[in-house]
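Numbers restart at 1 for each chain; the letters A, B, ... are given by sequence-line order, proteins then strands.
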Protein chains: 2
Amino acid sequence: MPKQVDHEERRRRIADAVCALIDEQGLEAATLRDVAARAEVSMGAVQRCFRTKEEMLHFAVAHIGRQVTERARARLLAAPAQSPASTVGHLAHELALLQTRYRAQARTWLAFLAAAAVHPALAAGLRTSYAELEALLARLIADATEQSLGPAADHPLWPAPERLDAAREARTLLALADGLTAHVLIGHRTTEEAEQLLHDHLVRLWA
Amino acid sequence: MPKQVDHEERRRRIADAVCALIDEQGLEAATLRDVAARAEVSMGAVQRCFRTKEEMLHFAVAHIGRQVTERARARLLAAPAQSPASTVGHLAHELALLQTRYRAQARTWLAFLAAAAVHPALAAGLRTSYAELEALLARLIADATEQSLGPAADHPLWPAPERLDAAREARTLLALADGLTAHVLIGHRTTEEAEQLLHDHLVRLWA
DNA sequence: CCGGTTCCGATGCGAGCGCATCGGAAAGTG
DNA sequence: CACTTTCCGATGCGCTCGCATCGGAACCGG
């Protein structure tokens, strides 16, 4: 068995280069040559890792999706002490990729989002991430309402306290976060405004 | 003065071709050659109408922006009889570009949105449209709350009925609509789900 | 030490891109 | 009708793209 540079490691390295280029100059800037240069590997190496450019982009989508979902999961496990409600808040803020240090991810994500509207193969990768994030949010919201309302207690005087539909709220929250992110990226909102709007939405949610 | 084919007319024709191509195959498919073919003009004509490709795209952004905002304004003027609240609902639905016949506009819009995150010149055009739509929505929401709560009546028993911040709600609604549209386009939501979520959001807004 | 296999980086190729250029058609003027 | 001016469509150019190819380096068993 001949020498073997860890292929998976290299793939991730290339995917990072793809994302960096997309962040800086858009999707069409992610050419094989520039990606190879950015990843500091030869162009042939890129071609060996991925049979075609489309396959490379497909992997990059999954790659950035993993980064986001894993960060979300980590955030969840790291803060079990907080109230579920505030955890939802923090998570939503993180999903919205509003913080400056996630600006690059946000731009990349948006680029893939637009591309996915035309190339179904990319859409599949994005949907996977969205489904996972949504499930995470829904579970968290369900926990939060459970806790704030008490477990399945039918109050006699206030019989139908409009128990939240967790799935519905998770979907709405996710869409709102995406929309706000996009508006921030094109400069139609400041980060602060977006954060405020997201916060207000959550406040009303718990009310 | 020699012959003169209406330039403005031609520009709009070309912009339509640009949008059609973007809808079908994405932004990078809008090459000068293909645009010219689709618009059924010569390539030279395109170059004379727009000095550079970037200028063409810039015009196309403004073009589609005008289409959306004008449709919104028309919707407003055509239905002054309805309650402002339901007008907001209809308008939001239309802004979300959820209906099948606006799918093409939605895809084009999303493509420009992603491009604008990288090319500031395009972002300016989008921001103009967003600002207008947002103002429209805000005014409408203000009217609706005015009507439902009565004009500036401070009720003695229910002193602070949480009068809506129209600007805030307009911003949230716009972002939500955009996010939902994107999710529908990549197949993460069905049109029906998105409509339902939008509807639910509005219901809670008026409550 | 060596032949064979496996992997690698560089180069070549055809296609398509945006843009510049050019010859000729159309319209106005004496 | 001849000349000038204005506009138009077609072609050419330089470049970059994704992908295929190839000679050589690295590593193995014997």
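- For the pair B/Arg51 CZ and C/dT21 C1', the computed distance is 18 Å after rounding to whole Å.
- When rounded to the nearest whole Å, the span between CG of B/Leu57 and C1' of C/dC17 equals 14 Å.
- Atom pair B/Lys53:NZ and D/dT16:C1' shows a separation of 13 Å (rounding to whole Å applied).
- Residue B/Gln67 is tested with B/His63, B/Glu70, B/Arg71 for a side chain to side chain contact (heavy atoms under 4.5 Å, CB included); the sole match is B/His63.
- Within the 4.0 Å cut-off from OP1 or OP2 of D/dC17, at least one side-chain nitrogen or oxygen of A/Thr31 is found.
- Distance CD/B/Gln47 to OG/B/Ser42: 8.5 Å, rounded to 0.5 Å.
- Rounded to whole angstrom, the span from the CG atom of A/Leu27 across to the P atom of D/dC17 amounts to 14 Å.
- D/dC19 atom C1' lies 16 Å from atom CG of A/Asp34, rounded to whole Å.
- The phosphate of D/dC19 has OP1 or OP2 within less than 4.0 Å of a side-chain N or O from A/Thr52.
- Residue order along DNA chain D, read from the 5' end via each residue's closest nucleotide, puts A/Arg33 first among A/Arg33 and A/Gly44.
- With distances taken from any side-chain atom of A/Leu32 to the nucleotides D/dC17, C/dC19, D/dG18, the minimum falls on D/dG18.
- Comparing C/dC8, D/dC8, C/dC19 against the side chain of A/Arg48 picks out C/dC8 as the nearest.
- Between A/Glu169 atom CD and A/Trp206 atom CH2 the span is 8.5 Å, to the nearest 0.5 Å.
- Going from atom CE of B/Met43 over to atom C1' of D/dT11 covers 10 Å, rounded to whole Å.
- Distance check: B/Leu126 CG to A/His188 NE2 gives 10.0 Å after rounding to the nearest 0.5 Å.
- Atom CE of B/Met56 is separated from atom P of C/dG18 by 7 Å (rounded to the nearest Å).
- Atoms CD (A/Glu54) and P (D/dC17) sit 19 Å apart, rounded to a whole Å.
- Ring geometry, B/Phe59 versus B/Phe50: the interplanar angle falls from 30° to 60°, so the pair is classed tilted.
- Relative to the side chain of B/Gln47, the nucleotides C/dG9, D/dC19, C/dC19 differ in distance, and C/dC19 lies closest.
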